[in-house]
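The figures here come from the full heavy-atom set of this structure, side chains too, leaving out hydrogens, waters and symmetry mates.
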Amino acid sequence: MAEATRPTHEAVHGVVLGGGLAGVLAARALRDHVDQVTVVERDTYPDRPEPRKGVPQGRHAHILWSGGAEAIEALLPGTLDRLRTAGAHHIGVKQDMLLYSAYGWQHRFPASHYAITCSRPLLDRTVREPVLRDPRIEILQGAEAYGLLGDRERVTGARVRTADGTTRDLPADIVVDATGRGSRLRNWLTDLGLPPATEESVDTGLTYATRVFRAPAHAPRPFPVVSVYADHRTGQPGRNGLLLPIEDGRWIITLSGTRGGEPTADEERFAEFARGLRHPLIAELIDAAEPLTPVRTTRSTLNRRLHLDRLAQRPEGLVALGDCVVSLNPIHGHGMSVAAQSARALETCLRRAGGLKPGLARTAQQSITAVTEAPWLLSASQDLCYPDNRADVSDPRLTTQAAQRQGFADLVTAASLVNPQVCDALTAVTTLTAPLARLETPEFLTALRQGAARPPLTGPPLKTAEAAVLRRAER
């Protein structure tokens with residue numbers, strides 16, 4: 001904001017560390033409650049929707065569940081229309097999905113919720129553009145945060161190193177850390193004289209391998225999402241496959257394997273790995289498509305939770321959200337939606353408080369923790385089932401209660417394949433549009449006791465045009 005246009009009162013300044021999806025949404029959440037927001041981003045944004053260094057996972061499959069999509073739309077109205085205009089797909093869950101779970105094939109019940117599928121660069125750019133145009137938001141590109149200003153009572157800003165190598169202090173009334181999995185927040189807090197924040201983690205050693213394909217010209221658009229999941233009950237490494245339709249008539253296919261069953265970047269072995277999944281459907285679709293990119297791999301997939309909410313003392317003026325607070329195994333697809341809902345939780349707290357008031361940071365952090373609770377539990381509890389996981393957890397739901405919770409999860413997931421009422425409730429939870437408590441209501445438990453409404457499927461429920469893609473590939 002130029003000096004000539006500053007308000008006569010002392011300007012209120014917000015600083016957001018990290019300009020990825022979480023950081024951009026956090027800047028939008030702050031915008032109406034401060035005079036200026038400065039976003040500190042280590043990368044330089046590309047002119048086109050293409051992968052960038054600061055988002056190494058950006059080349060892999062991403063899904064935006066309806067709970068996250070609606071949070072983005074609330075912060076940036078019109079985003080979903082812009083995404084669809086740019087080529088993103090609106091996928092009805094479970095109507096537009098071919099899902100093979102540990103318990104069998106999912107019936108394609110009418111959609112009660114949805115997902116948005118497109119490349120991560122397209123999503124990031126579409127969300128970022130209106131924020132970059134906002135005169136109240138300044139972006140420092142090529143700059144990196146390396147410390148907080150203030151003390152154990154209050155954070156008063158951030159220290160950054162700019163693109164030319166100089167050091168700059170950014171005074172702020174509120175600082176939001178959205179620097180992702182590589183966040184140094186835990187160290188920054190101890191530098192201020194605070195005790196270390198506790199962490200929990202579950203690491204299956206999951207490795208991702210992704211390749212983008214040109215979909216066959218005769219394939220329906222959008223093609224359904226295809227998921228082939230491991231059976232976590234076997235005691236073997238988990239091998240999974242996911243196909244998402246994205247913009248420009250392409251498919252992004254991500255294969256993954258836990259420790260001992262990892263895929264590689266070898267192009268010849270990509271389809272071979274897919275053929276080794278519990279069902280060959282994804283391998284057959286690979287045979288029908290044209291590869292457009294090399295195979296890209298990543299191993300940054302552990303579940304990690306930083307318990308800022310448990311700090312007996314925490315400074316005013318500091319909030320953290322996104323992967324720096326809770327990073328989730330990407331196979332469950334919740335990371336972007338959690339970031340969006342966390343940013344919306346921040347904005348809601350600011351609006352209810354009437355701006356930056358004493359105690360706002362603590363209240364906002366508690367609200368963000370509440371947003372992350374269900375996704376953390378869903379992801380971590382599932383990953384604990386795989387052999388040779390490396391876990392450091394204290395939550396009794398993941399320790400002494402783990403077997404009981406997993407037994408209930410098995411029962412619910414198996415029933416959801418053949419019971420539309422159970423499927424609807426579980427879908428509401430997994431798309432982050434309803435709390436976990438939805439699975440404890442009397443209505444849900446009654447539906448669960450009713451059992452199967454349809455017979456189990458013996459194969460993928462392909463529609464005629466979808467099956468034709470496979471038949472042509474066989475010729």
**Q** Would you indicate whether the side-chain heavy atoms of V93 and T430 approach each other to under 4.5 Å?
**A** no

**Q** Run the numbers on L318 and W188 for side-chain contact (heavy atoms from CB on, under 4.5 Å), then give the verdict.
**A** CA-CA 11 Å; L318 175 67; W188 292 345; over 6 Å; no

**Q** Which pair of heavy atoms, one from P110 and one from Q95, lies closest together, and at what distance?
**A** CA-OE1, 3.3 Å

**Q** R59 versus T298: any side-chain heavy-atom pair under 4.5 Å?
**A** no

**Q** State whether the side chain of Y45 and the backbone N or O of R128 hold a donor-acceptor pair below 3.5 Å, judged by distance alone.
**A** no

**Q** How long is the gap from CH2 on W251 to CG on L285, to the nearest 0.5 Å?
**A** 4.5 Å

**Q** What's the spacing between Q106 CD and L99 CG if we round to 0.5 Å?
**A** 5.5 Å

**Q** How far apart are the closest heavy atoms of I282 and A274, and which atoms are they?
**A** CG2-CB, 4.4 Å

**Q** Do T254 side-chain atoms and A61 backbone N/O form a donor-acceptor pair below 3.5 Å?
**A** yes

**Q** Using 30° and 60° as the class limits, which term best fits the ring planes of H90 and Y114: parallel, tilted or perpendicular?
**A** parallel

**Q** With side-chain contact (heavy atoms from CB on, under 4.5 Å) as the criterion, how do R314 and L194 come out once you've worked through the C-alpha distance, each side chain's angles and the decisive distance to 0.1 Å?
**A** CA-CA 8 Å; R314 65 184 316 277; L194 292 163; 5.5 Å; no

**Q** Pairing donors with acceptors under 3.5 angstrom, does anything connect the side chains of D392 and S201?
**A** no

**Q** Keeping R125 on the side-chain end and D47 on the backbone end, is there a donor-acceptor pair under 3.5 Å?
**A** yes

**Q** Looking only at non-hydrogen atoms, find the nearest pair between V225 and S227 and report the distance.
**A** CG1-OG, 3.9 Å

**Q** Under 3.5 Å, is there a donor-acceptor pair between the side chain of T44 and the main chain of Q141?
**A** no

**Q** Is T372 reaching over with its side chain to a backbone N or O of V326, donor-acceptor style, under 3.5 angstrom?
**A** no

**Q** Taking all non-hydrogen atoms of both residues, which atom of G317 and which atom of A361 are closest, and how far apart?
**A** N-CB, 3.8 Å

**Q** Quick check: does any side chain N or O of R250 sit under 3.5 Å from a backbone N or O of E247, one acting as donor and the other as acceptor?
**A** yes

**Q** Flag the pair L346 / R28 as yes when at least one side-chain heavy-atom distance between them is below 4.5 Å, and no otherwise.
**A** no

**Q** Going by heavy atoms in the side chains, are M336 and H62 under 4.5 Å from each other?
**A** yes

**Q** For R239 and G257, indicate whether the former's side chain and the latter's backbone hold a donor-acceptor pair under 3.5 Å.
**A** no

**Q** So, are R344 and E73 salt-bridged, with charged N and O less than 4.0 Å apart?
**A** no

**Q** Can you check whether V202's main-chain N or O pairs, donor with acceptor, with N303's side chain at less than 3.5 Å?
**A** yes

**Q** With rounding to the nearest 0.5 angstrom, report the OG to CD1 distance, S66 to I91.
**A** 12.5 Å

**Q** I need the minimum non-hydrogen distance between H232 and Y103, along with the two atoms involved.
**A** CE1-OH, 3.0 Å

**Q** Check whether the side chains of S381 and Q406 place a donor and an acceptor atom closer than 3.5 Å, and report yes or no.
**A** no

**Q** With a 4.5 Å limit on heavy-atom distance, are the side chains of R352 and K357 in contact?
**A** no

**Q** Ignoring hydrogens and geometry, is there a side-chain-to-backbone donor-acceptor pair from H13 to P171 under 3.5 Å?
**A** yes

**Q** Counting only heavy atoms not in R214 (residues, nucleotides, ligands), do more than 12 fall under 6.0 Å from its CZ?
**A** yes

**Q** Check the pair L25 / L76 against side-chain contact (heavy atoms from CB on, under 4.5 Å), numbers first and verdict last.
**A** CA-CA 8 Å; L25 292 172; L76 292 166; 4.0 Å; yes

**Q** For the residue pair Q341 and E70, confirm or rule out a side-chain donor-acceptor distance under 3.5 Å.
**A** no

**Q** Are R186 and D177 close enough for a salt bridge, meaning some N to O gap below 4.0 Å?
**A** no

**Q** Salt bridge (Lys or Arg N to Asp or Glu O under 4.0 Å) with D203: which of R299, R390, R259?
**A** R259

**Q** What distance separates F213 CZ from T293 OG1, expressed to the nearest 0.5 Å?
**A** 7.5 Å

**Q** Would R136 and D32 pass as an ion pair if we require N to O under 4.0 Å?
**A** yes

**Q** Any chance the side chains of D173 and H33 put a donor and an acceptor closer than 3.5 Å?
**A** no

**Q** Sub-3.5 Å donor-acceptor pair from the side chain of T427 to the main-chain atoms of C423, do we have one?
**A** yes

**Q** Between R82 and T79, is a side-chain hydrogen bond (donor to acceptor under 3.5 Å, both in side chains) present by the stated rule, with each step listed?
**A** CA-CA 5 Å; R82 291 193 296 273; T79 300; 3.0 Å; yes

**Q** In Å, rounded to the nearest 0.5 Å, how long is the span from NZ of K94 to OG1 of T431?
**A** 8.5 Å

**Q** Determine whether L64 and S337 satisfy the following criterion, side-chain contact (heavy atoms from CB on, under 4.5 Å), listing intermediate values before the conclusion.
**A** CA-CA 6 Å; L64 180 65; S337 295; 3.7 Å; yes

**Q** H334 vs W65 aromatic rings, parallel, tilted or perpendicular, using cut-offs 30° and 60°?
**A** tilted

**Q** Looking only at side chains, do E138 and T38 share a donor and an acceptor under 3.5 Å apart?
**A** yes

**Q** So, for A86 and L122, which heavy atoms are closest and what is the spacing to 0.1 Å?
**A** CB-CD1, 3.7 Å

**Q** When you check the gap from the basic side-chain N to the acidic O, do R108 and E466 get nearer than 4.0 Å?
**A** yes

